[in-house]
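Everything on this sheet refers to the single structure shown next.
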Amino acid sequence: MLTIYNTLTGRKEPFRELVAGRVGMYVCGMTVYDHIHVGHARSQIAFDVVRRWLQACGYQVNYVRNITDIDDKIINRARELGEMVEALTARHIESMNEDFAALGIRPADHEPRATRFIPEIVAMISTLIAKGNAYVGESGDVLYSVSSFKAYGQLSGRKLADLRAGSRVEVDEKKRDPLDFVLWKRAKPGEPSWDSPWGLGRPGWHIECSAMAVALLGDSFDIHGGGMDLKFPHHENELAQSCAACDTPFVQVWMHNGFVRVNDEKMSKSLGNFFTVREVLPRLRPEVLRAFVLASHYRGPINYGEDNLRQADAALQRLYLALRDVLPAAGYEPGEATRRFTEAMNDDFSTPEALAAMQSLARELNVVKAAGDGPAASAYAAELRTLGAILGLLGERPEVWLATHSELTGAAESAAGRPEPAEIDRLVAARTKSRRTRNFAESDRIRDELAGHGVVLEDGPTGTSWRWQ
RNA sequence: GGCUAGGUGGCAGAAUGGUCAUGCAGCGGCCUGCAAAGCCGUCUAUGCCGGUUCGAUUCCGACCCUAGCCUCCA
């Protein structure tokens with residue numbers, strides 16, 4: 001039985017889908033004005049795994065991940081770069097998709113863009129005005145009236161009075177309530193705009209998600225996910241709009257992932273302490289980043305740093321080493337590892353425990369391998385790869401993975417100074433010759449030399465193989 | 001100030017009203033010419049103070065500390 005922690009209720013609850021066998025899921029995606037960073041990657045990996053697990057459980061998942069392609073930041077960035085908004089967003093959507101693919105984050109079933117859903121957005125705003133939940137302010141913007149929705153604050157656990165008392169809420173005289181937020185923003189000259197009953201303008205941030213989610217998943221759906229920082233105000237507002245417009249509970253389960261930290265601080269655009277995925281990937285196998293993310297529970301924080309990445313790499317390498325030289329069987333009888341893995345994933349997607357189960361399975365695999373039990377090893381290998389696939393891991397061939405150099409885990413050797421494979425093969429052959437003549441001083445010298453370049457030698461019954469450390 | 005989530009071994013990170021995963025690192029052994037890989041064994045932990053209990057790391061309360069949100073942010 002799958003249980004999921006629901007932000008709305010503050011506890012883990014048994015998951016009950018609205019329509020038997022089907023799950024509608026909406027995850028907040030990217031605002032496309034820059035390359036994605038590790039924090040974004042974490043969030044998308046987390047929900048990618050949620051989706052994969054739901055599918056592994058037999059659900060037919062309708063996965064929607066939006067793209068915010070119009071807002072102030074985009075307009076400002078385009079202006080700074082002297083570029084058209086369309087060109088800027090197209091560029092970054094492409095960049096985002098490349099990064100997602102590298103990290104094994106699968107495309108969503110629907111990837112709606114705000115600018116393609118203007119009619120739906122306008123319609124929802126009209127409904128809100130008609131129902132008395134929204135009004136046209138003095139500035140010409142359309143605003144949502146928070147006091148018109150009595151459950152406002154339920155998701156983030158806040159009371160309107162507390163929020164109003166918050167020292168950082170800016171008082172805007174044009175609003176009836178300082179907490180009212182924009183649904184439709186009137187365009188200033190030169191800004192991209194769309195026609196509406198309230199004049200030329202563009203949608204506010206929150207309304208696009210409401211309108212697109214309802215358009216693609218219906219008035220009420222199963223799971224809505226996003227980063228912790230979206231809980232308030234974004235999801236609170238989204239919830240208020242959608243409930244008021246549709247008179248439905250909107251979302252069954254709200255899920256929020258924790259942050260990536262750098263030196264115990266949130267990695268964020270505003271703090272400037274972020275690493276983009278594309279600057280990090282050249283010296284980090286994408287799968288290592290994925291393993292690093294999954295080594296922690298999705299709701300907790302993770303610290304981005306060399307030590308932790310190295311550990312993730314070592315753990316992953318251990319799994320690949322176990323799989324090396326074993327042909328996975330076509331079928332197998334799921335064992336203790338699968339049972340433990342399943343239980344872990346059913347417990348609010350506890351990927352650290354699931355990975356622990358995989359490590360134990362790798363040990364069993366190593367044992368039967370060493371004992372020369374080929375059929376048992378093949379069965380375990382198949383089981384391990386199946387479990388790995390659910391997490392989007394272990395998709396590579398072991399030999400290929402092990403031959404891939406990772407600067408992080410390798411010697412302090414720059415890419416330029418790294419020896420060529422042909423040169424390594426030559427040295428390995430020379431060492432083998434020395435070993436045959438029992439000239440161990442020379443053979444050890446060669447091994448040390450290679451070790452200095454991050455090359456690890458392994459002597460086996462069929463000869464010597466090498467891999468990058 | 002309000003709200004939320006946390007504080008577990010050298011590090012990372014699970015779980016649990018009584019026996020505290022898993023990986024890395026360390027130590028001992030097997031294997032090896034020696035190593036590596038692998039296997040076996042093994043050391044170190046539950047922020048602080050009270051309470052409930054036969055027994056709490058786990059439940060309750062206070063305190064301290066950390067992070068996050070309350071403004072754009074995955």
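Chain A is the first sequence line, chain B the second, and so forth, proteins listed ahead of strands; every chain is numbered from 1. Just the heavy atoms: all of them, side chains too, but no hydrogens, waters or symmetry mates, feed the values below.
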Polar pairs (N or O, both sides) under 3.5 Å between protein and nucleotides 11-14 of chain B?
unit_1 : atom_1 : unit_2   : atom_2 : d
B:rC11 : O2     : A:Gln311 : NE2    : 2.9
B:rA14 : OP1    : A:His297 : N      : 3.2
B:rA14 : O2'    : A:Glu353 : OE1    : 3.2

Exercise. Name the stems with RNA chain B in them: runs of three or more consecutive Watson-Crick or G-U pairs, distances under 3.5 Å?
Worked result: B:1-7 with B:64-70, B:10-12 with B:22-24, B:26-30 with B:38-42, B:49-51 with B:59-61

Exercise. Can you list every salt bridge (charged side-chain N to carboxylate O under 4.0 Å, His left out) pair that touches residues 373-384 of chain A, not counting sequence neighbours?
Worked result: none

Exercise. Can you pull the salt bridge (charged side-chain N to carboxylate O under 4.0 Å, His left out) pairs that have at least one residue in residues 447-469 of chain A, sequence neighbours excluded?
Worked result: A:Arg324-A:Glu458, A:Arg431-A:Asp459, A:Arg435-A:Asp459, A:Asp444-A:Arg447, A:Arg445-A:Glu449, A:Glu458-A:Arg467

Taking only N/O atoms, report every protein-nucleotides 64-66 of chain B pair under 3.5 Å with atom names and distance.
none

Exercise. Tell me, which of residues 44-54 of chain A have any heavy atom that sits under 4.0 Å from an atom in RNA chain B?
Worked result: none

For this session: Heavy atoms under 4.0 Å is the rule here; annotate nucleotides 32-40 of chain B 5' to 3' with B where the base is hit, S where only the sugar-phosphate is, and - elsewhere.
Result: -BBBBSSSS

Listed pairs, N/O of protein and of nucleotides 26-28 of chain B, under 3.5 Å:
none

Problem set entry | Contacting residues from residues 95-113 of chain A, given that a heavy atom lies under 4.0 angstrom of RNA chain B | none

Seminar exercise, completed: For A:Pro334, the side-chain contact (heavy atoms from CB on, under 4.5 Å) test, sequence neighbours excluded, returns A:Tyr332, A:Thr338

For this session: Measure from the side-chain heavy atoms of A:Met267 and tell me the nearest of B:rA74, B:rC72, B:rC70.
Result: B:rA74

Exercise. Can you name the side-chain contact (heavy atoms from CB on, under 4.5 Å) partners of A:Asn346, sequence neighbours left out?
Worked result: A:Leu2, A:Trp53, A:Cys57, A:Thr342

Problem set entry | Length of the CG-P vector between A:Leu155 and B:rC70, whole Å | 14 Å

For this session: Return the residues of residues 30-42 of chain A meeting this criterion: a heavy atom under 4.0 Å from some atom of RNA chain B. Order them by number, or give none.
Result: A:His37, A:Gly39, A:His40

